[in-house]
Novice: 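Here it is, the structure, as structure tokens.
The shown structure was predicted, so the numbers you read here are calculated from the model rather than taken from an experiment. Numbered from 1 within each chain, the chains take letters A, B, ... in sequence-line order.
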Protein chains: 2
Amino acid sequence: MVDAENYGTFISMVNKQFATAVHVMTALTLENGGAGPISSSRLAESVNTNPVVIRRLLLLLQKADLVSSTKGQNGGVTLKRNASTITLEDIYLAVQTCQMISGSDRKVKKNCPVSRSMKAVMCGVATGVEDASKKYLRTIYLSDLKKKVME
Amino acid sequence: MVDAENYGTFISMVNKQFATAVHVMTALTLENGGAGPISSSRLAESVNTNPVVIRRLLLLLQKADLVSSTKGQNGGVTLKRNASTITLEDIYLAVQTCQMISGSDRKVKKNCPVSRSMKAVMCGVATGVEDASKKYLRTIYLSDLKKKVME
DNA sequence: TTTATATGTAATATACATTGTTACATATAT
DNA sequence: ATATATGTAACAATGTATATTACATATAAA
């Protein structure tokens, strides 16, 4: 049933990509320096998902130059940079699919001044939210998360 | 086709609610003080959607005490507070369905320290992003948007 | 009091992105 | 040569938001 009480109160559980990416990168931070590369299968176990989901994510992290992977026996993934130089903004930008706030894609009503202005207005708002968020994410380093996990 | 080039690059067009709410509130700001209340049908025309979509949104805005509505002939919706006292944070909080950054709902792997820590880690991150965003949204008043539209 | 018109609300259809899964090609260390 | 890892395609399953139709309810105005 959808009424005033719960309309719009669904919790969106799509877009786990950022959370998954942070998980993977944190795991690499803790395990690398240990016994070499980690396989997507082991990462998938820690995340509790399918290895292909992890591998798809890793392609994005590779494109952003955050990790590198090697094929074949004893292959797997390693961090490409030191954990104390990687921030959550780096990870966010690597896997970002869309802005946190999105405008509407509805057709503009050309005879309505408000409708005509909305795209520009929401674009500005989206940029503002994005900038504020990234500024915050930039303050958190992978090495900070490592500490948190080890506590 | 889904490959490395476009996997994760879909633009999510769900969650137009905030954009729609800003549109509606801006329209009310411009038109109120004019010829009394505005009907959901007229608002729907400006937004280019179905009146019911607008009415469902208005229920949320009413719960947040931002607008009030009257039934019957010549009925409709009016702003309940002055536009120079309403910020985009008020609107965001009224229609917010979930946090901008969400954690994963996957089951925790209890023998993995990273997996055990992730929920707390992502909760902190989500709160940080949320706070930063709200702080920004708090700086923009409906009266500012009115000016932008009238330019 | 009747009528027109507005909101309130339910039920359902539609659209679409993300995740999960299977299958297989490709590369590489041992 | 073989085992094992990544790379990639294809498709099913899931879940949320929007759109739409229909109707109940309230109220101003004739």
Novice: Counting just side-chain N and O atoms, does B/Thr97 come under 4.0 Å of either OP1 or OP2 of D/dA17?
Specialist: yes

Novice: List for me each residue that meets side-chain contact (heavy atoms from CB on, under 4.5 Å) alongside A/Arg55, sequence neighbours excluded, and say none if there are none.
Specialist: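 Residues passing side-chain contact (heavy atoms from CB on, under 4.5 Å) with A/Arg55: A/Ser40, A/Pro51, A/Val52.
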
Novice: Tell me: NZ of B/Lys107 to C1' of C/dG20, nearest whole Å?
Specialist: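 Atom-to-atom, B/Lys107 to C/dG20, this comes out as 15 Å.
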
Novice: Suppose we screen for side chain to side chain donor-acceptor pair (under 3.5 Å). Which residues come up paired with B/Arg138, at least two apart in sequence or across chains?
Specialist: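 Only B/Glu89 meet the side chain to side chain donor-acceptor pair (under 3.5 Å) criterion with B/Arg138.
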
Novice: Nearest-Å distance, CG (A/Asn50) to P (C/dT18)?
Specialist: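 Distance check: A/Asn50 CG to C/dT18 P gives 18 Å.
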
Novice: Tell me whether the side-chain N or O atoms of A/Arg106 pair up with the base of D/dA19 as donor and acceptor below 3.5 Å, since no angle test is needed here.
Specialist: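 In this structure, the two groups form no donor-acceptor pair.
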
Novice: Is atom NZ of A/Lys134 surrounded by more than 12 heavy atoms (other residues, nucleotides or ligands) closer than 6.0 Å?
Specialist: yes

Novice: Between P on D/dT18 and CG on B/Leu60, what's the gap in Å once rounded to a whole number?
Specialist: 11 Å

Novice: Sort and list the pairs that fulfil ring-ring contact (aromatic ring centres under 6.0 Å, His included) and have at least one residue in residues 47-69 of chain A, not counting sequence neighbours.
Specialist: none

Novice: For A/Phe18 and C/dT19, what is the distance between atoms CZ and C1' respectively, to the nearest whole Å?
Specialist: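 Value for this atom pair: 19 Å.
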
Novice: Return no unless some side-chain N or O of A/Gln62 is found under 4.0 Å from OP1 or OP2 of D/dT6.
Specialist: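 Checking D/dT6 against A/Gln62, no side-chain N or O comes under 4.0 Å of OP1 or OP2.
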
Novice: Using whole Å, what does the distance between atom P of nucleotide D/dT18 and atom NE2 of B/His23 come to?
Specialist: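 Going from B/His23 (NE2) to D/dT18 (P), I get 15 Å.
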
Novice: Rounded to whole Å, how long is the line connecting atom CG of A/Asp105 with atom C1' of D/dT18?
Specialist: 10 Å

Novice: Choosing from D/dA17, D/dA5, C/dT19, which nucleotide comes nearest the side chain of A/Ser39?
Specialist: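 Nucleotide nearest to A/Ser39's side chain: D/dA5.
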
Novice: For A/Tyr141, which residues count as a side-chain contact (heavy atoms from CB on, under 4.5 Å) partner, sequence neighbours excluded?
Specialist: A/Thr87, A/Ser143, A/Asp144

Novice: Look at B/Gln17 and D/dT16 and indicate whether a side-chain polar atom (N or O) is within less than 4.0 Å of OP1 or OP2.
Specialist: no

Novice: Applying side-chain contact (heavy atoms from CB on, under 4.5 Å), name anything that partners B/Asp65, two or more places apart in sequence or on another chain.
Specialist: B/Lys80

Novice: Please list residues of residues 64-74 of chain A whose heavy atoms come under 4.0 Å from any atom in DNA chain C, ordered by number; otherwise none.
Specialist: A/Lys71, A/Gly72, A/Gln73, A/Asn74

Novice: Can you name the side chain to side chain donor-acceptor pair (under 3.5 Å) partners of A/Thr85, sequence neighbours left out?
Specialist: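 Per chain and number, A/Thr85 pairs via side chain to side chain donor-acceptor pair (under 3.5 Å) with no residue.
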
Novice: Within the sub-3.5 Å range, which N or O atoms of nucleotides 23-25 of chain C have a protein N or O partner, and how far apart are they?
Specialist:
none

Novice: Quick check: do B/Leu145 and A/Val114 have side-chain heavy atoms less than 4.5 Å from each other?
Specialist: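 Side chain of B/Leu145 against side chain of A/Val114, heavy atoms only: no contact under 4.5 Å found.
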
Novice: Using heavy-atom distances to pick each residue's nearest nucleotide on DNA chain C, tell me which of B/Ser41 and A/Asn48 is more 5'.
Specialist: B/Ser41

Novice: In whole Å, I'd like the distance from the CD1 atom of B/Ile54 to the C1' atom of C/dT9.
Specialist: 16 Å

Novice: So, using side-chain contact (heavy atoms from CB on, under 4.5 Å) as the criterion, who are the partners of A/Ser115 when residues are at least two apart?
Specialist: A/Val108, A/Lys109, A/Cys112, B/His23, B/Ser46

Novice: Roughly, in whole Å, what's the span from NZ in B/Lys16 to P in C/dA17?
Specialist: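 Going from B/Lys16 (NZ) to C/dA17 (P), I get 11 Å.
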
